[in-house]
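Everything on this sheet refers to the single structure shown next.
In what follows, residues are counted from 1 in the order of the sequence shown. Note that ligands are numbered from 1 as they come in the structure, with each ligand's atoms numbered from 1 the same way.
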Amino acid sequence: MLETNMTVSELALRAKKELASNFGVESTLVAVAPGRVNLIGEHIDYCDGFVLPLAIERYVGIAARPNDSQTARVTSTGESTIEIDLSRAQEIADPKWSNYLRGVIRGFQDLEYKLPGFDASIVSSVPLGAGLSSSAALECAFATLLEDLVDTVLSKATKAFLAQKAEHDFAGVPCGIMDQFASTFGMEDQLILIDCRTSEPEMVPFSDPSISIIVANTKVSHDLSDGGYRTRRKETEEGLALAGKESWRDVTMEDVYAAQEKMGDRIFRRSRHVVTEIARTAQVVEAFKSGDFSNIGSLMEGSHLSLRDDFEVSCDELDLMVALAKEIGFEDGVLGARMTGGGFGGSTITLCCSINAEAIARQMHDRYLAQTGIEPLLFITRPAAGAHLA
Ligand code: GLA
């Protein structure tokens with residue numbers, strides 16, 4: 001199905017209605033934060049690399065109202081209400097999803113903020129398990145809500161690091177900083193180039209209305225807490241040590257070839273991915289800065305193949321979705337396609353001419369459905385605004 005995106009005001013309204021129906025109160029504030037896709041620079045945020053994500057027009061929205069107690073009562077669509085005692089330092093607890101919230105609360109507690117009790121209802125238009133950072137969107141929306149409740153404004157970077165720590169300590173995913181940075185720093189018409197060595201973001205304009213992005217969720221569920229992500233991280237650490245450098249940014253392909261024998265095949269291929277992906281990302285940034293997109297298709301394809309063959313985080317369905325976009329081709333408006341996010345399932349992105357976007361998305365949908373029997377979810381997006389009060 002080709003889905004249209006709900007606007008932020010529609011989502012905020014939905015959250016307010018949920019709060020009213022769950023707790024019988026009117027909200028005093030609504031916070032929203034977006035999911036993200038990554039244009040290029042995959043699995044290198046934890047390698048001091050460059051990544052180029054954008055916030056998408058899909059959000060988590062939370063409506064809330066203080067409740068004169070020391071308890072947070074929170075509902076989320078399809079889940080039972082949770083109660084969190086705010087007078088205690090938060091620890092991991094059941095249900096599993098509540099840990100994203102507990103982790104963020106813990107972050108505020110560690111900063112010595114005293115949180116007032118509140119009732120809150122969460123709604124979301126970010127598909128779950130689709131590699132679109134629904135968890136970062138939840139963490140960042142919730143952190144934005146808590147900021148307002150304690151009457152403070154954290155810097156975007158501080159908020160992103162706080163959310164990342166929640167993901168590490170409470171959800172058990174040793175993620176890099178890309179998703180939370182994209183969710184807090186997102187801006188309309190801008191890509192976010194993050195130098196993950198310095199944690200400095202730089203906005204790269206994506207303002208040409210004639211280019212759009214199709215997000216295609218293969219519906220093959222992606223779960224980064226099951227080990228593959230952690231293993232890749234360890235392997236890159238091993239590769240770096242064998243290359244004899246402190247940072248991947250100082251490693252060249254010559255260094256990797258020189259260490260090839262010591263590395264063995266698997267670590268060699270992981271290392272080759274890191275070094276070549278950093279280079280491809282820099283080239284894509286140049287393409288956007290110069291407006292010359294002639295090599296963007298091959299850079300995106302190179303990234304996908306490297307993730308498939310060297311980093312081994314793709315899967316048949318992602319490969320198929322990328323192949324389907326390629327099959328439609330440049331003549332019919334496709335500029336490039338690749339898997340996006342952590343992989344092992346999840347979504348692809350297709351960069352395309354806006355006038356062809358709907359037709360391309362429909363063809364990808366129909367061909368994918370015909371070949372796999374799985375109904376994919378596709379939508380078109382442009383870079384969207386980051387976390388804010390709605
Ligand atoms: C997940 C992680 C990010 C990043 C990507 C892969 O989304 O949360 O930090 O490592 O995978 O690029």
- Message: Within a 6.0 Å radius of atom NZ on Lys165, are there more than 12 heavy atoms belonging to other residues, nucleotides or ligands?
- Response: no

- Query: Does Asp45, backbone or side chain, put an N or O under 3.5 Å from an N or O of ligand 1?
  - Reply: yes

- Arg36, portion touching ligand 1 at heavy-atom distance under 4.0 Å: side chain

- Item | Contact atoms of ligand 1, heavy-atom distance to Met178 under 4.0 Å | 4 (C), 5 (C), 12 (O)

- Message: Show me which atoms of ligand 1 lie under 4.0 Å from any heavy atom of Cys175.
- Response: 2 (C), 8 (O), 9 (O)

- Item | ring pair (Phe, Tyr, Trp, His ring centres under 6.0 Å) contacts in which one or both residues fall within residues 155-194, not counting sequence neighbours | Phe161-Phe181, Phe181-Phe185

- Query: Is there a nitrogen or oxygen of Tyr229 sitting under 3.5 Å from a nitrogen or oxygen of ligand 1?
  - Reply: yes

- Electrostatic pair Glu91-Arg106, nearest N-O below 4.0 angstrom: yes

- For ligand 1, which atoms sit closer than 4.0 Å to a heavy atom of Tyr46? 10 (O)

- Message: With nothing but distance in play, are any N or O atoms of Ser133 less than 3.5 Å from an N or O of ligand 1?
- Response: no

- Query: Below 4.5 Å, heavy atoms only, C-beta onward: do Ser135 and Glu167 meet side chain to side chain?
  - Reply: yes

- Query: By number and element, which atoms of ligand 1 are closer than 4.0 Å to a non-hydrogen atom of Gly176?
  - Reply: 9 (O)

Under 3.5 Å, side-chain donor or acceptor atoms of residues 321-331 against the rest of the protein: list the pairs with distances, not counting sequence neighbours.
| residue | atom | partner | partner atom | Å |
| --- | --- | --- | --- | --- |
| Lys326 | NZ | Glu301 | OE2 | 2.8 |
| Glu327 | OE2 | Arg367 | NH1 | 3.0 |

- Query: Counting only heavy atoms not in Glu188, do more than 12 fall under 6.0 Å of its CD?
  - Reply: no

- Message: Nearest non-hydrogen contact with atom 6 (C) of ligand 1 belongs to which option: Arg233, Glu42, Gln164?
- Response: Glu42

- Task: Answer yes or no: is there a side-chain heavy-atom contact under 4.5 Å between Val334 and Thr350?
- Result: yes

- Message: With a 3.5 Å distance limit and no angle check, can you tell me whether Asn38 reaches the backbone of Gly341 through a side-chain donor-acceptor pair?
- Response: no

- Item | Of the listed options Asp179, Asn38, Thr340, closest to atom 8 (O) of ligand 1 (non-hydrogen atoms) | Asp179

- Message: Polar contacts were defined as any N/O atom of the residue lying under 3.5 Å from an N/O atom of the ligand; does this apply to Ile44 and ligand 1?
- Response: no

